[in-house]
Chemist: 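Can you keep this structure in mind? I'll have questions shortly.
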Amino acid sequence: MSFIIYPAIDIRDGKCVRLVQGDYNQETIYNENPLAVAEEWEAQGGQWIHLVDLDGAKAGHPVNDKLIGEIAKSVKVPVQVGGGLRTEEDVDRLLSLGVSRVILGTAAIEDRAFVQKLLAKHGEKVAIGIDARDGLVATRGWLETSAVKAEDLAVQLAEHGARTFIFTDISRDGMMGGPNVEAIVRLAQVSGQTVIASGGVSQTSDLQKLAAEQTNGVGGAIVGKALYTGSIQLNDALELVKE
């Protein structure tokens, strides 16, 4: 398995933005046209595109799905999408729009039967997004923290067919302080599945540290802010993790 860098496009009000630690009041708009951004990351060699419907995460249902469908059809690389996916109809619709993988987050805590049903129905097209604050799973666009341990959730869902987890340590997100490598590796090891790191990747050395853990189940990293501020150049980073 090769280590994959996932350029992140967070969509709010139809624009490409970044939030600090999931705070909707701390927003930076990077580009008015997320489709152009996706095409640029593809042109630079991106193997996947990671999309987040921030409006959807808050509303509890997809809001920017028309735009997401346009992006999925316009780029040739696969697209994964998270944010507000809490019904089977919404998941089916996004997959029918050309999305390759959907990410279930809040639903994994609040409606376990629903997640198990979708894992049975769509298999590897479903990834589980585990966003943790101090080791406990956060839900509803990070507005709430549950009493469930991230590692316990991963083990339980792996038993029901989850093969890909996307792990975010909220304290690291958008802070450019480096990812929580230990927690990411531990999650991969206890679940026995692939974990994609998210949050805190700020320089190419962070990606090298994560790529060095491939044999421990770390399958890739989602990179957002660092690409937009220029502290990571995608084409350079792709070359480095190949080495």
Side-chain angles (χ1 to χ4, degrees), residues 1-6 8 21-22 47-48 50 52 78 80 82 100-110 112 115-116 118-120 122-139 142 145-224 226 232 237-238 240-243:
M1 118 181 146
S2 61
F3 185 86
I4 295 172
I5 298 172
Y6 296 78
Q21 292 191 318
Q47 299 147 292
W48 275 77
H50 174 82
V52 181
Q80 66 181 15
S100 296
R101 187 157 65 202
V102 295
I103 303 158
L104 303 180
T106 295
I109 284 290
E110 297 184 354
R112 203 67 63 88
V115 175
Q116 290 168 10
L118 284 177
L119 284 168
H122 293 300
E124 297 197 5
K125 289 183 177 179
V126 175
I128 307 297
I130 298 184
D131 303 337
R133 189 183 276 114
D134 301 321
L136 299 175
V137 178
T139 61
W142 298 352
T145 305
S146 72
V148 178
K149 282 186 175 173
E151 292 177 19
D152 293 347
L153 179 64
V155 169
Q156 290 160 15
L157 291 176
E159 288 171 1
H160 288 282
R163 295 292 170 260
T164 306
F165 293 97
I166 295 171
F167 178 73
T168 308
D169 183 329
I170 294 170
S171 67
R172 308 288 181 109
D173 188 69
M175 302 308 287
M176 308 289 278
N180 187 339
V181 178
E182 300 76 21
I184 295 156
V185 169
R186 204 160 54 241
L187 197 75
Q189 289 177 329
V190 299
S191 67
Q193 306 302 330
T194 301
V195 176
I196 298 167
S198 173
V201 172
S202 60
Q203 50 198 1
T204 46
S205 60
D206 293 331
L207 292 169
Q208 288 173 298
K209 281 177 200 158
L210 289 164
E213 300 291 349
Q214 273 184 81
T215 53
N216 288 322
V218 180
I222 293 162
V223 188
I232 290 179
L238 287 164
L240 269 176
V241 298
K242 273 185 199 163
E243 290 168 9

Chemist: As an exercise, state the distance from CD1 of Ile103 to NE2 of His50, rounded to the nearest 0.5 Å.
Modeler: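 Spacing of CD1 (Ile103) from NE2 (His50) equals 4.5 Å.
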Chemist: Which pair of non-hydrogen atoms, one from Ala154 and one from Leu187, has the smallest distance, and what is that distance?
Modeler: CB-CD1, 3.8 Å
Chemist: Minimum heavy-atom separation for Phe167 and Ile184, please, with both atom names.
Modeler: CD2-CG1, 3.6 Å
Chemist: Can you measure from CD1 (Ile170) to CG (Leu136) and round to the nearest 0.5 angstrom?
Modeler: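 It comes to 10.0 Å.
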Chemist: Of the non-hydrogen atoms in Ser191 and Ala188, which two are nearest, and what is the gap between them?
Modeler: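 Scanning both residues completely, I find the closest heavy atoms to be OG-O, 3.4 Å.
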Chemist: Could you walk me through whether Arg112 and His160 pass side-chain contact (heavy atoms from CB on, under 4.5 Å), step by step?
Modeler: CA-CA 10 Å; Arg112 203 67 63 88; His160 288 282; 6.0 Å; no
Chemist: If you compare all heavy atoms of Phe165 against all heavy atoms of Ala158, which two are closest, and at what distance to 0.1 Å?
Modeler: CZ-N, 4.0 Å
Chemist: Decide yes or no for Asp152 and Gln156: does some side-chain heavy atom of the first lie under 4.5 Å from some side-chain heavy atom of the second?
Modeler: yes
Chemist: Could you go through Tyr6 and Ile166, starting from their C-alpha distance and side-chain angles, then the distance that decides it, and tell me whether this counts as side-chain contact (heavy atoms from CB on, under 4.5 Å)?
Modeler: CA-CA 11 Å; Tyr6 296 78; Ile166 295 171; over 6 Å; no
Chemist: What's the spacing between Leu118 CG and Leu104 CG if we round to 0.5 Å?
Modeler: 6.0 Å
Chemist: What's the separation between atom CD in Gln80 and atom NZ in Lys125, rounded to the nearest 0.5 Å?
Modeler: 14.0 Å
Chemist: Identify the two heavy atoms, one from Lys149 and one from Val137, that lie closest to each other, and give their separation to 0.1 Å.
Modeler: C-CG2, 4.1 Å
Chemist: Is the shortest side-chain heavy-atom distance between Thr164 and Glu124 below 4.5 Å?
Modeler: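 Answer no - side chains too far apart.
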Chemist: Rounded at 0.5 Å granularity, tell me how far CZ in Arg186 sits from CG in Asn180.
Modeler: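 If we round to the nearest 0.5 Å, Arg186:CZ and Asn180:CG are 7.0 Å apart.
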Chemist: Can you give me the closest heavy-atom contact between Gln193 and Ala162, atom names plus distance?
Modeler: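 Minimum heavy-atom contact is CG-O, 3.4 Å.
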Chemist: Please say whether more than 12 non-hydrogen atoms of neighbouring residues, nucleotides or ligands are located less than 6.0 Å from CD in Gln203.
Modeler: yes
Chemist: Calculate, to the nearest 0.5 Å, the distance between atoms CD1 and CD1 belonging to Ile5 and Ile196 respectively.
Modeler: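 Separation between the atoms: 12.5 Å.
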Chemist: What do the steps show when you test Ile222 against Val201 for side-chain contact (heavy atoms from CB on, under 4.5 Å), and what is the final call?
Modeler: CA-CA 8 Å; Ile222 293 162; Val201 172; over 6 Å; no
Chemist: Taking it one step at a time, do Val223 and Leu207 satisfy side-chain contact (heavy atoms from CB on, under 4.5 Å)?
Modeler: CA-CA 9 Å; Val223 188; Leu207 292 169; 3.9 Å; yes
